[in-house]
Amino acid sequence: MPELPEVEILRRHLEPLLKGRTVRHVTVRRAKVLGKTPVRDFKRRLQGATFQKLERRGKFLLFKLKTVRAGDRGRLVGHLGMTGRMYLQAAGAKLPKHAVVVFNLGRRNFVFEDTRYFGRLTFDDRSLARLGPEPLGPEFTTAYLAAALKRSSQAIKVKLLDQSLVAGVGNIYASEILFRAGISPRVAANRLTLAQVQRVGAATRAVLQDAIAGGSTIPLDWAGEGTKDGWFYFGRTAETPDYYTERLQVYDRQGQPCPVCGTSIRRLVQAARSTFYCPQCQK
DNA sequence: CACCATGTTCCTTG
DNA sequence: CCAAGGAACATGGT
């Protein structure tokens, strides 16, 4: 599921559902996702805690909790990894095969499901310290980006995936951003002109903002049957309008015509990840 | 069986 | 110390 737009959409969806709800009981089915937090500590801090705000930093969700013990400022950090999902379902409903952590909130359960177990739900917040600026925040300026890119000879596509450069861009939107900017994914970061850096910054904001706007129109109900992991990016269901499936211009469209010039979209591998681009539009 | 997949962290090499 | 590249993590789809 998850790059910045998907996490932001999930945050907006979950916050009103969780706010004011108190955790009655915690079930941990895969201790791995707690990271360094021991299961016993995790449960002790969460039992009786009440959800307050839900924030986002890059691809991380930050659950602000009012905990039972005074002075224990609860900040639970969530990350969806590659296949994580979070949703509420009736307390009596059957849990999915890969339910990893379940919070009972009374009549409903808040479920963290993660097929590949790459996700995290933990009180260990050290990952956050390594993040660069929010791409939709005031610190993500052309001046910042130019200075940061100057220090790297890595290909710009690979650099966009570096969470310490900018927090929240993943493999799908990195290709989309460079297509929008009209820049080849192979160009070394430190060889971009200032005008190109400016375009990368503007395209980053535009692509992410558009994705959030598009996804926010869709009702989320992952507890229901018939929804798939690819829902956000590619999915077509009875409820999703056609335009939504057209949102991605180049990702996973190898061999298809470029939506701008008709040239065949190409795939290449960089840092062991697929990149998609139009060889005509992106020089 | 082979290859691919929305992510992060750790280890090695230079 | 840093940058860069690759493997590991784990499961499922095609």
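Note: hydrogens, waters and symmetry copies are ignored here, and every other heavy atom, side chains too, is used.
- Among the atoms of the strands shown, only primed sugar atoms or phosphate atoms (P, OP1, OP2) are found under 4.0 Å from some heavy atom of Tyr117(A).
- Side-chain N/O atoms of Arg120(A) include none lying less than 4.0 angstrom from OP1 or OP2 on dT9(B).
- Pairing for dG12(C) goes to dC4(B), judged as Watson-Crick or G-U wobble with the two contacts each under 3.5 Å.
- Each of Val269(A) and Gln163(A) has a nearest nucleotide on DNA chain B; the 5'-most of these lies closest to Val269(A).
- Remark: the separation of the C1' atoms in dC9(C) and dC1(B) is 22 Å, to the nearest Å.
- When only modelled atom types and interatomic distance are considered, Ser274(A) and Arg267(A) share a side-chain donor-acceptor pair under 3.5 Å.
- Here, dA10(C) and dC11(B) have their P atoms 15 Å apart, quoted to the whole Å.
- The side chain of Gln154(A) sits closest to dG5(C) out of dT6(B), dT11(C), dG5(C).
- Contact annotation: Arg30(A) side-chain N/O to dA10(C) OP1/OP2 distance is not under 4.0 Å.
- The cationic atom of Arg266(A) (NZ for Lys, CZ for Arg) does not lie both less than 6.0 Å from the six-membered ring centre of Phe276(A) and within 45° of the ring axis.
- Residue Arg126(A) is out of contact with every strand shown, counting any heavy-atom pair closer than 4.0 Å.
- Residue Lys97(A) places no side-chain N or O under 4.0 Å from the OP1 or OP2 atom of dT11(C).
- Side-chain nitrogen and oxygen atoms of His98(A) include none within less than 4.0 Å of the OP1 or OP2 phosphate oxygen of dA10(C).
- Considering only side-chain atoms of Phe118(A), the nucleotide from dA4(C), dA10(C), dA5(B) that sits closest is dA10(C).
- Remark: the separation of the P atoms in dC3(B) and dA7(C) is 14 Å, to the nearest Å.
- When the side-chain nitrogen and oxygen atoms of Lys59(A) are compared with OP1 and OP2 of dT8(B), one or more of them lie within a distance under 4.0 Å.
- With rounding to the nearest 0.5 Å, the separation of CG in Leu149(A) from OG in Ser152(A) is 7.5 Å.
- With Arg180(A) contributing its side chain and Ala203(A) its backbone, the two residues share no donor-acceptor pair below 3.5 Å.
- Picking from dA5(B), dT8(B), dC9(C) the nucleotide with the shortest atom distance to the side chain of Arg116(A) gives dA5(B).
- Listed nucleotides dC9(C), dT9(B), dG12(C) differ in distance to Ser127(A); the shortest reach to its side chain belongs to dT9(B).
- Both tests pass for Arg30(A) against the ring of Tyr117(A): distance under 6.0 Å to the centre and angle within 45° of the axis.
- Of the candidates dA5(B), dT11(C), dC9(C), dC9(C) carries the atom nearest the Lys32(A) side chain, counting heavy atoms from C-beta on.
- Residue Arg151(A) has no polar side-chain atom (N or O) positioned under 4.0 Å from OP1 or OP2 of dC2(C).
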